[in-house]
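In what follows, a single structure is set out as C-alpha cells and then discussed.
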Amino acid sequence: MVNEDILAQLNNEQRAAAGRHTGPVLVLAGAGTGKTRVITYRIASMLASGIAPESILGLTFTNKAAREMRERLAQLVDENLAKRVTLGTFHSFCIRILRKHIARLGFQTGFTIADESDQQGIFKQALGECGCSYDGFPAGKAFAMIGSWKNRLYTPEKALKSAQSSFEATVAHIYEKYRDLMEMQNLIDFDDMLLLTWRLFDEYPDVLAEYQVRFEYLLVDEYQDTNGAQFELVKMISGKKCNLCVVGDDDQSIYSWRGADVGNILDFPRLFPGTLTVKLEQNYRSTSAILEAANTVIGTGVNRHEKRLWSAIGQGDKPKIVLLDRDDQEAEFAASLIRSRKSERPELKWKDFAVLYRSNQLSRQIEQALMSAGIPFRLVGGQQFFQRREIKDAVAYLKLLENPRDDQSVLRILAAPPRGIGPKAVKELKRRRAEEHIPMMMSLKSADFARTLTAKGSGELAEMLRAFAEGKEAFKTPGNLSGKILHFLQDVQYYNGLQKIYRDHEDSVKRRDNVDEFINAVAQFEKKHGGEVTLSDYLESYSLMEENDRVQEESPDADAVTLSSIHAAKGLEYKVVVQIAMERNIFPHERALEENGYEEELRLFYVAVTRAKEELYLTRCRSRMVRGVVRPALPSVFLDLLGKSAERAEQDELIKCADEETVRKTFEDAIRMLMNPDL
C-alpha cells in the first residue's frame with residue numbers, strides 16, 4: 001500500500017497529523033476522535049515513505065494500547081515490517097535499557113522489580129531505622145512524597161537540599177535509607193525505572209547517543225498523562241532532530257495524583273518551537289446531544305487548548321438528571337432503569353450498560369441492587385488474580401531464583417508453608433542483614449544459622465535449599481518454563497504445602513486451583529512468545545503488567561453490566577451510562593477541592609460524560625448515609641454547569657414496566673449468574 005492510499009482513509013485533520021513525519025507535532029485528540037487510528041496510520045505512512053521500522057519508537061501507557069497499536073499496524077503494512085517497529089510502555093522501554101546498562105549505576109544485572117508489598121516492607125524498615133515508625137507519623141504522606149520526588153527526578157540528596165520544612169528534611173533522610181535498602185537487595189521499583197534511565201542518559205552521554213541514533217522518530221500516546229521524568233526522557237531521546245509526535249487530550253488529564261503534569265501538553269508548542277498543532281474534533285462515538293453537554297462542561301475550564309467536539313451520528317436525547325430521595329432508592333433506580341431500557345431496546349446487551357461513580361465505595365449498593373434484580377455485572381477494580389496471596393507467594397519463590405539478595409521474598413516464603421523457622425530465627429536473619437550486611441538467603445545457607453533451629457526446622461530448611469539449588473540449575477536453559485515452574489513449586493513443598501497454610505480444606509483446594517491457573521498463565525506466555533523463554537523473561541513481563549492485564553477477565557463475549565470508577569473507565573465506551581452520586585463533596589470530591597483540584601475534577605466529569613454513546617443519566621439524592629448516619633445531600637455544582645444541555649426527568653417517566661418475556665429472560669440471567677460466580 002502506497003503512502004497516498006494510506007492517508008486517503010483519514011479525515012482532513014487526521015491526514016494532516018499522520019502525513020507530517022519530521023519536526024515536533026502535537027495532536028490534540030478529543031474523546032472518541034480516533035486517536036489510536038491516527039498514531040497507527042502515521043506509523044504506516046512513515047513506513048510507506050521508506051523510513052526504517054527500526055528507527056521508530058512508539059511509547060504508550062498500557063500494554064493493551066501497545067498491543068492494539070501493533071495489531072492495527074499489521075493490518076496496514078506487512079506483518080514482519082510491523083514487528084520491527086518498537087512499541088511498548090515507558091516502563092518496558094526503560095527496563096530494556098536498564099537490563100543492558102544498569103551495572104554502570106552500581107546494580108547487578110539480575111535485579112528484580114519490587115511490587116507494592118515489597119516496597120511497603122522496605123519502606124517500613126526505612127522508617128524504623130530513621131526512628132519514624134511511631135504512631136502518628138504520617139507514613140502514607142511520606143511514601144507519596146518520595147514517589148513525587150522520583151517523578152520529578154529528585155535524588156535523596158536533591159530532595160534534602162530543596163526541603164522547605166523539617167518534615168520534608170526527615171522524609172528526605174527516609175528516602176535515602178529506602179534507596180540504600182533497595183540497592184542492597186538489588187531491587188528497583190516502578191518509579192526507579194524512569195529515574196535510573198534518566199540517570200544513565202544524564203551521566204553517560206554515550207548511552208543516550210546510542211538510543212538517539214537508533215530511534216530517529218518518536219511517538220508518544222496519551223501525552224497528557226506524562227510526568228516530569230517521562231517528559232525529560234522524551235526530550236532527551238528526541239534530541240536536536242526532534243522528530244517527535246505526541247498525541248493526547250488535555251481535557252482528559254485526570255491522573256495528577258499519579259504524578260501526571262498537564263503542563264507538559266499545555267506548554268508543548270512553547271517547549272518545542274516550530275510545533276505543528278492539529279486538533280481532532282470529529283467524534284465517532286457519541287450523539288450530538290451528549291457532545292453538547294460535554295462541550296458545555298469542559299468549556300468552563302481555564303487551563304486548556306480550545307476545541308469543540310462534534311459528531312455526524314445524529315442528535316440523540318439530552319442527558320437526563322434524576323433526583324431520588326435516598327441512596328438505596330438510587331441503586332434500585334439504576335437497576336430498574338437498566339432492565340427497562342433493555343426491554344425497550346431489544347438490540348441492547350447487558351454489556352452496553354455501565355454504572356460509573358467517583359469513588360469505589362459507592363458501588364456496594366449498586367452491586368446489591370443488580371444482584372437482587374438478577375442482572376449480571378462485572379466489577380472493575382475488584383481483587384485481581386495476580387494480587388492473590390497464593391500467587392504472590394509462588395512468585396516470591398521464583399524471584400528468589402533470579403535474585404538471591406531479595407530479602408522481601410525470603411521473608412514471604414519462610415511461612416509459606418511453615419518450616420519451623422519461627423520469629424526468633426527471623427529476628428536473627430534481620431539482625432545479620434542490618435549489622436553484618438549478609439543477605440538473608442546467604443544466612444539461611446550458613447551452618448551456624450541452621451544450628452539455631454530445631455532438628456525438624458533444620459531438616460526442612462536443608463530440603464528447601466536443595467530444591468532452590470536444583471531449580472537454579474534447571475532454569476539456566478530456556479524452554480518448558482511452565483513445566484519447570486510446576487516441578488519447582490512441588491519440589492520446594494509450596495504446591496502441596498498449601499493445605500498447611502490454609503487449614504480449611506475447601507479453601508486450600510481453591511488456592512491450589514489458583515496456582516494451577518497461574519501455571520496456565522505461564523504456559524500461555526510461552527505459547528505467545530514462541531516457547532524458548534526464560535524465567536527472567538516471564539518475571540519481567542509479570543512485573544510490568546498493569547491493572548487491565550492482571551484482572552481475570554471474562555470471555556470477550558461475556559454479557560454483563562460494567563460497574564466502574566470514572567478513572568478506571570477512561571478509554572472505554574458504553575451505549576448507556578448511569579453516573580451516580582452527583583452531589584456536593586462527592587463529585588467534585590471534597591478532598592480534591594481542598595487540594596485546589598477543581599480543574600481536574602471538571603476534566604474527570606468530562607471523561608464520565610464522554611463515555612456515553614447514546615444515553616446518559618445523572619442521578620443524585622436528597623439524602624445519603626455517611627458513616628452510618630443519614631445526612632442531607634446537596635446537588636453537585638457540575639449539574640448547574642450543564643444548563644440547557646441536560647434535562648430534568650422523573651424516575652416514573654424513565655422506567656417502564658417490563659413485559660412477561662423480559663421478566664422470564666431476567667430470571668434466566670439471574671440463574672446463569674448464580675451458576676457462574678465470575679459474572
Q. Is the NZ or CZ atom of Arg603 positioned over Phe605's six-membered ring, under 6.0 angstrom from the centre and within 45° of the axis?
A. no
Q: Find out whether the Lys NZ or Arg CZ of Arg96 is both under 6.0 angstrom from the six-membered ring centre of Tyr211 and within 45° of the ring's axis.
A: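 No, Arg96 does not sit over the ring of Tyr211.
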Just jot down the side chain to side chain donor-acceptor pair (under 3.5 Å) partners of [X], sequence neighbours excluded, or say none.
X      : result
Arg20  : none
Glu532 : none
Ser92  : Thr89
Asp78  : none

Q. Could you give all pairs that pass the ring pair (Phe, Tyr, Trp, His ring centres under 6.0 Å) test and reach residues 291-319, with sequence neighbours left out?
A.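 Listed once each, the pairs would be none.
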Does either side chain, that of [X] or that of [Y], offer a donor lying less than 3.5 Å from an acceptor on the other one?
X      : Y      : result
Glu222 : Gln224 : yes
Gln282 : Tyr284 : yes
Glu600 : Ser256 : yes
Asp537 : Thr534 : yes

By salt bridge (charged side-chain N to carboxylate O under 4.0 Å, His left out), which residues pair with [X], not counting sequence neighbours?
X      : result
Glu615 : Arg341, Arg345
Arg611 : none
Asp250 : Lys307
Glu210 : Lys100

Interatomic distance, [X] atom [atom1] to [Y] atom [atom2] [nearest 0.5 angstrom]:
X      : Y      : atom1 : atom2 : value
Leu642 : Glu647 : CG    : CD    : 11.5 Å
Leu196 : Leu105 : CG    : CG    : 6.0 Å
Tyr154 : Asn151 : OH    : CG    : 12.0 Å
Leu59  : Leu87  : CG    : CG    : 9.0 Å
Tyr41  : Ile6   : OH    : CD1   : 8.0 Å
Glu526 : Tyr538 : CD    : OH    : 10.5 Å

Q | Candidates Thr619, Leu356, Leu618 - the one meeting side chain to side chain contact (heavy atoms under 4.5 Å, CB included) with Val578 | A | Thr619
Q. With respect to Thr36, which candidate in Val38, Thr40, Ile39 satisfies the side chain to side chain contact (heavy atoms under 4.5 Å, CB included) definition?
A. Thr40
Q | Tyr255/His567 aromatic ring centres below 6.0 Å | A |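 Distance test on ring centres: under 6.0 Å, yes.
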Q. Looking at Phe587 versus Phe638, is the centre-to-centre ring distance below 6.0 Å?
A.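 Ring centres of Phe638 and Phe587 closer than 6.0 Å.
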Q: Evaluate the ring pair (Phe, Tyr, Trp, His ring centres under 6.0 Å) criterion for residues His91 and Phe190: first the C-alpha distance (whole Å), next the side-chain angles of each, then the deciding distance (0.1 Å), finally the verdict.
A: CA-CA 7 Å; His91 290 93; Phe190 262 68; 5.0 Å; yes
Is the shortest distance from a Lys or Arg side-chain nitrogen in [X] or [Y] to a carboxylate oxygen in the other one below 4.0 Å?
X      : Y      : answer
Arg270 : Asp267 : yes
Glu306 : Lys279 : no
Arg67  : Glu71  : no
Lys342 : Asp352 : no

Q. Can you list the residues that meet the ring pair (Phe, Tyr, Trp, His ring centres under 6.0 Å) rule with Phe272, with sequence neighbours excluded?
A.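 Phe268.
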Q | Residue list, side chain to side chain contact (heavy atoms under 4.5 Å, CB included) with Ala74, at least two apart or on another chain | A | Glu79, Ala82
(Q) Please enumerate all residues that pass side chain to side chain contact (heavy atoms under 4.5 Å, CB included) together with Lys241, with sequence neighbours excluded. (A) Glu216, Asn243
**Q.** Residue of the set Glu601, Gln579, His589 for which side chain to side chain donor-acceptor pair (under 3.5 Å) holds with Arg358
**A.** Glu601
Q: Just do the side chain to side chain donor-acceptor pair (under 3.5 Å) check on Thr226 and Asn264 with the steps written out, would you?
A: CA-CA 7 Å; Thr226 53; Asn264 291 345; 3.0 Å; yes
